[in-house]
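Accompanying notes for the structure given below.
Letters A, B, ... mirror the listed sequences (proteins, then strands); counts begin at 1. Worth saying up front: this structure is predicted, and the values here are computed from it rather than measured.
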Amino acid sequence: MTPRNTARLAQALILAAFLGLAALLAVTTAEHLAQRGIRSGFDFLLEPAGFALGESLLAFEPEDTTLRAFAAGLANTLRVAVPGVLLALAVGVLTGFARMGDNPLVRGLASAAIDVFRNVPLLLQLLAWYFILTDLLPAADAALRLGPGVYLSKSGLALPWWGEQGFEPPEIAGFGIEGGARLTPEYLAMLLGLVLYSAAYIAETLRAAVEALPPGQRLAALAMGMTPRQAFLLVLLPQAWRAALPPVTSQLLNLFKNASLAVAIGYPDLVSVAGTSLNQTGRAIECLSIVIAVYLLLSLAAAALSHRLEARSLRGTPR
Amino acid sequence: MYRLVPSPTARARLGAVAIAALACLAPPAHAGKTLDGIKSRGQLACGVSTGVIGFAAADSQGHWRGLDVDVCRAIAAAVLGDANKVRWVPLSAQQRFTALQSGEVDILSRNTTWSLTRDAALGLHFAGVTYYDGQGFMVAKKSKVSSAKQLKNAEICVQSGTTTEKNMSDYFRAQGIKVKPVVFDKFEPSIKAFFSGRCQAYTTDASALAFIRAKEAPNADDYTVLPEIISKEPLAPAVRRGDDEWFAIVKWTVNALIEAEELGITQARVDGLKASPDPAIQRFLGVGEDLGKSLGLDREWAARAVKAVGNYGEIFNRNVGADSPLKLPRGLNALWNKGGILYAQPLR
């Protein structure tokens, strides 16, 4: 056998052993569940969920299926993760620039902010933002009016939006604010916490990438008569960006995974829905495997996308 | 399982992996063996909540106290002769059934509602109700809400992991009212959000509402518990299916605690009553007939349980009733002949 074939055979064996073990695990688990009289299977997904969600991008009622509850949970996760990724990127890049800027005050502030947000555990930051929002803001009947039809209160940020009767501004009524669109304190705290935490890492990554460039690059650019700003934007940043891209995309992927902390502050994301379903049905293994599968699939897809981005950013560079 | 034909060394390696995997997957002690396991360990593994004052919570010295805790202590006294031989396993709502099913705990005594799905589909047996509870609502007095039916469009804070979310949803669907739950996984953030004014109402079991209002509210008088009780929550200890002997021991220990109150056997009077001429008391204390034998225990099992924690009435008063900070009324949890619905199956 050629060494190459031996290597292939070894790989095939390892794969087979791994699949065999996985199958053994699944079969044994199912057997033990049956032995102990524990019902298993995914049939519960098509039963009515029986619980309500506080907010949902996807219309959801308690009589809808558990499957739809999971979908609504996932939609809520994406509702915070997608804007979170875009905002984290924007805030991170701007903070990174500020951190490397010439103005000592701006630089000091950026550096302090990065240190704080990077070094406090995310869960604590989320809880802190949440309790700041719910403690400090006024009750809904005394909401702050930020502009025509824009209210900020303990029940969140209310904005004019299209409702059943066309475009409608929110109004103070009943227990709170009705009509229009509303971003709850849970959502705002999630978004704020995730964005600032990830942005701090992105800013540091960017700075590290720029500082890792050989000093000759900057000196050469200045020697050619470029201003420091031109040297930074035209020479340093394009090179640094390539080095920074993999860690930055991995940080954005982390943001998506960190969104699973949402249940701590009452935001109904995928993990929260899975937890509630688990409690209603007792199908622990099933509910957790759904969450794992969804996170794995989406993370792998995002990782593939970021690999393509990286490959593209490297196009035309000498290696 | 393995139909591969690998080289001898690879086969040996695979074999080792398979054996290791099988060892991991081997089922724990088999049906009928729970009692043997407890005796050989010398310890009862009791799954309790992570902290519900009155039911199960560690005090400032680290001792677990509460009604659910005393049930486990009574069983340890009956089975092992020492109420302190208990390993406490605090479990979250999500962990609790898996911990019992997998054998990590011998009994789940964790304010858990006995319901059909849980009984029939989770491989559990519930061994008798230790507290009849029901779900209620608390609101701020200044909201002027006096009935749950006025909570239309309200946001309601709730801790996940109980039957609470579903009960609430069922109740308001029946009323034709929409509400928005704000669901937290932990107790502290859920009540903090409510007291900060994030939600117009808080919902959980009525016993817990009384405690939250008394102990957690910035000012108890600013809050009120609404009259509606929207669900039946019979809280019961549970054991795994497949071990009838152990199920019987837990069931009859719970019955014995209630029977002791009916018979007037208290912690202080256990020893003195051994001279009682009443045959029922004699049987209970193991002076006359030996009831323990049928359970695989000795004749003084019930006497030891009561001596360790008192009868049901004493347990109730000490943990959640008149002698506790919660000051809950006996209500449904009084004996059947005192206006409640507690009724022990006869110990004879």
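For a residue to count as touching a neighbouring chain, one of its non-hydrogen atoms must lie under 4.5 Å from one of that chain's; by this rule B/K186 does not touch chain A. With a 4.5 Å cut-off on non-hydrogen atoms, A/A10 does not touch chain B at all. Using a 4.5 Å cut-off between heavy atoms, A/L33 does not touch chain B at all. Using a 4.5 Å cut-off between heavy atoms, B/E188 does not touch chain A at all. Only the backbone of B/K152 comes within less than 4.5 Å of a heavy atom of chain A; no side-chain atom from C-beta onward does. When heavy atoms are compared at a cutoff of 4.5 Å, B/I156 does not approach chain A at all. Residue A/P268: no heavy atom, backbone or side chain, is found under 4.5 Å from chain B.
Heavy-atom pairs under 4.5 Å with chain A peak, among B/L151, B/V179, B/V145, B/N167, at B/L151. No other option in A/A262, A/S40, A/P185 has as many heavy-atom pairs under 4.5 Å with chain B as A/P185. Interface summary for chain A: among B/K192, B/Q95, B/K178, the most heavy-atom pairs under 4.5 angstrom belong to B/K192. Interface check for chain B: of the options A/S272, A/A284, A/S155, the most heavy-atom pairs under 4.5 Å are formed by A/S155.
Nearest approach of B/R198 to A/E186, heavy atoms of both residues: NE-OE2, 2.7 Å. Of all heavy-atom pairs between A/G282 and B/L122, the closest is CA-CD2, 3.5 Å. For the residue pair B/D170 and A/G50, the shortest heavy atom distance occurs at OD1-O, 4.2 Å. Contact detail for B/P189 and A/A264: the closest heavy-atom pair is CB-O, 3.8 Å.
Here the OG atom belonging to B/S190 is positioned 13.5 Å from the CD1 atom belonging to A/I265, to the nearest 0.5 angstrom. Between the CZ atom in A/F51 and the OG atom in B/S160 there is a gap of 9.0 Å [rounded to 0.5 Å]. The OG1 atom of A/T276 lies 10.0 Å from the CG atom of B/D185; values are rounded to the nearest 0.5 Å. Taking CZ from B/F184 and OH from A/Y267, the interatomic distance works out to 13.5 Å, rounded to the nearest 0.5 Å. Atom CG of A/N279 and atom CZ of B/R96 lie 6.0 Å apart (nearest 0.5 Å). In this structure, the separation between CG on A/L278 and CD on B/Q94 is 6.0 Å, given to the nearest 0.5 Å.
With hydrogens and angles ignored, the 3.5 Å screen pairs no side-chain donor or acceptor of A/T134 with any backbone N or O of B/A193. Counting only distance, with no hydrogens or angles, the side chain of B/K166 and the backbone of A/Q280 share no donor-acceptor pair below 3.5 Å.
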**OP:** Go through the steps to decide whether A/K154 and B/E155 satisfy the test salt bridge (charged side-chain N to carboxylate O under 4.0 Å, His left out), and finish with yes or no.
**Re:** CA-CA 11 Å; A/K154 281 189 205 298; B/E155 286 162 305; over 6 Å; no

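More than 12 heavy atoms of other residues, nucleotides or ligands sit less than 6.0 Å from atom CZ of A/F42.
B/T117 has its side chain out of reach of A/R39: every pair of non-hydrogen atoms, C-beta onward, lies at least 4.5 Å apart. Proximity of B/R241 to A/Q35: side-chain heavy atoms (C-beta onward) are nowhere separated by under 4.5 Å. Looking only at side-chain heavy atoms (C-beta outward), B/R173 and A/E63 come within less than 4.5 Å of each other.
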